[in-house]
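All values reported here derive from a predicted model rather than from experimental measurement.
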Amino acid sequence: MDDAVTTTRRRGRPAGSGGTEGGGEVQSLDRAISLLEVLALSDGMTLSEVARRAELPTSTVHRLLTTLERRGLVGHEAESGHWMVGLGLFRIGSAYLRIRKLPEIARALIRELSHGVNETVNLSLIDGPHLVCVAQVESHAAVRAFFRIGGDLPIHASGGGKAILAAMNPEARRAWLGDDQLKRFTEHTHVSRRALQADLAVIAERGFSIDDEEHTPGMRCVAAAVLDEWREPVGALSISAPVVRMPPERIADLGIRVREAAQRLTTRYSGL
């Protein structure tokens, strides 16, 4: 859970400060950032609308927007009078896309989820026809689910794999699945596209998948997809446990938890 940090804003220049940047400059920066946040929520707003949303005087907003426009961070459409985020802001923001790494972003969240449910939590990515575990927090229970980091699972017979498939567009899903006949691992494995597609439709509606001993006898899993900024799946969070600790009556609760955690991770990763 993100820690909430409360700070007290001070007016004027700090006592004893020999620097050239005082409270006024910091306040202007804070206000300029708030204007960018307001504009990011719209495809275009008039000056008065921006001022009202930001709860700032119109003259102050106009001055700040004009400064931001000179740096390319906002744009202004003279015909309609609308202000909007600019290309310069995209260039700055896109730097995050170059450096973001899902396992690092997910580290604290999967630890929190595992401690909350006392079960093994995995973060997995797709690699060809397989699902690869890239991060994990194990349960402290004596009997627990375990999947080696870097180990792979079949995409059609794993909770994370099915969650990702359900979030894909139909064309991408057909390309990933390949042949109609799918490999059987247990008596519960979906071995035909028709059966798997029916399951994926339910998963898409419910928001999380269930691996009911489809790969490993005695093990169950619930999972939900993590999405990028185009709402395409980039990975999946999953909770795994022995069948005795994941009876049908507990699956719904764990499914909701993993779905909510995946949504939080999606927001941290892509801003959705």
Side-chain angles (χ1 to χ4, degrees), residues 102 106 109-110 112-114 116-126 130-131 133 135-137 139 145 147 153-177 182 185-270 272:
L102 189 58
L109 192 147
I110 64 175
E112 175 189 327
L113 180 60
S114 178
V117 299
N118 195 27
E119 301 294 354
T120 297
V121 173
N122 295 298
L123 172 68
S124 303
L125 307 177
I126 282 186
H130 300 286
L131 189 73
C133 179
Q136 180 185 84
V137 176
S139 164
F147 301 99
L153 293 168
I155 188 172
H156 72 283
S158 58
K162 292 197 299 178
I164 292 173
L165 285 173
M168 284 182 177
N169 64 64
E171 293 76 15
R173 187 184 305 132
R174 282 193 292 270
W176 281 106
L177 288 178
L182 303 171
F185 294 91
T186 74
E187 62 178 333
H188 300 285
T189 306
H190 296 304
V191 294
S192 73
R193 274 194 181 189
R194 184 185 296 274
L196 181 59
Q197 292 282 20
D199 191 12
L200 295 180
V202 174
I203 293 168
E205 179 71 22
R206 185 174 54 212
F208 64 88
S209 66
I210 302 171
D211 169 4
D212 188 8
E213 302 183 79
E214 293 164 41
H215 179 261
T216 305
M219 288 292 173
R220 285 190 176 129
C221 166
V222 291
V226 179
L227 308 180
D228 65 15
E229 57 272 22
W230 294 283
R231 297 191 179 278
E232 295 290 340
V234 293
L237 278 181
S238 62
I239 302 173
S240 302
V243 169
V244 294
R245 283 211 309 280
M246 197 182 287
E249 58 270 21
R250 194 185 182 205
I251 287 177
D253 175 61
L254 293 179
I256 292 171
R257 284 174 177 252
V258 79
R259 183 180 66 197
E260 292 175 346
Q263 178 56 62
R264 289 168 57 198
L265 182 53
T266 291
T267 299
R268 294 181 187 181
Y269 181 78
S270 61
L272 293 179

How long is the straight-line distance from CZ of R231 back to CG of N169, given to the nearest 0.5 Å? 14.0 Å
Can you confirm whether E214 sits close enough to D212 that some side-chain heavy atom of one is under 4.5 Å from a side-chain heavy atom of the other? yes
Distance in Å, I239 CD1 paired with L254 CG, rounded so as to fall on 0.5 Å steps: 5.0 Å
When rounded to the nearest 0.5 angstrom, what is the spacing between CD1 in I164 and CG in L131? 5.0 Å
How long is the span from the CG atom in L113 to the CZ atom in R257, to the nearest 0.5 Å? 8.0 Å
Just how far is it from atom OG of S240 to atom CG of D211, taken to the nearest 0.5 Å? 7.5 Å
Ignoring hydrogens and geometry, is there a side-chain-to-backbone donor-acceptor pair from R250 to R245 under 3.5 Å? yes
For E171, does the CD atom have more than 12 heavy-atom neighbours from other residues, nucleotides or ligands under 6.0 Å away? yes
Give me the one residue out of V121, L123, T120 that meets side-chain contact (heavy atoms from CB on, under 4.5 Å) with Q136. T120
Is a side-chain N or O of T186 found less than 3.5 angstrom from the main chain of E213, in a donor-acceptor match? yes
Just do the side-chain contact (heavy atoms from CB on, under 4.5 Å) check on F185 and H156 with the steps written out, would you? CA-CA 10 Å; F185 294 91; H156 72 283; 3.8 Å; yes
Look only at the side chain of S139 and the backbone of N118, and say whether a donor-acceptor pair between them is shorter than 3.5 Å. yes
Please check if atom CD in E249 has more than 12 non-hydrogen atoms from other residues, nucleotides or ligands closer than 6.0 Å. yes
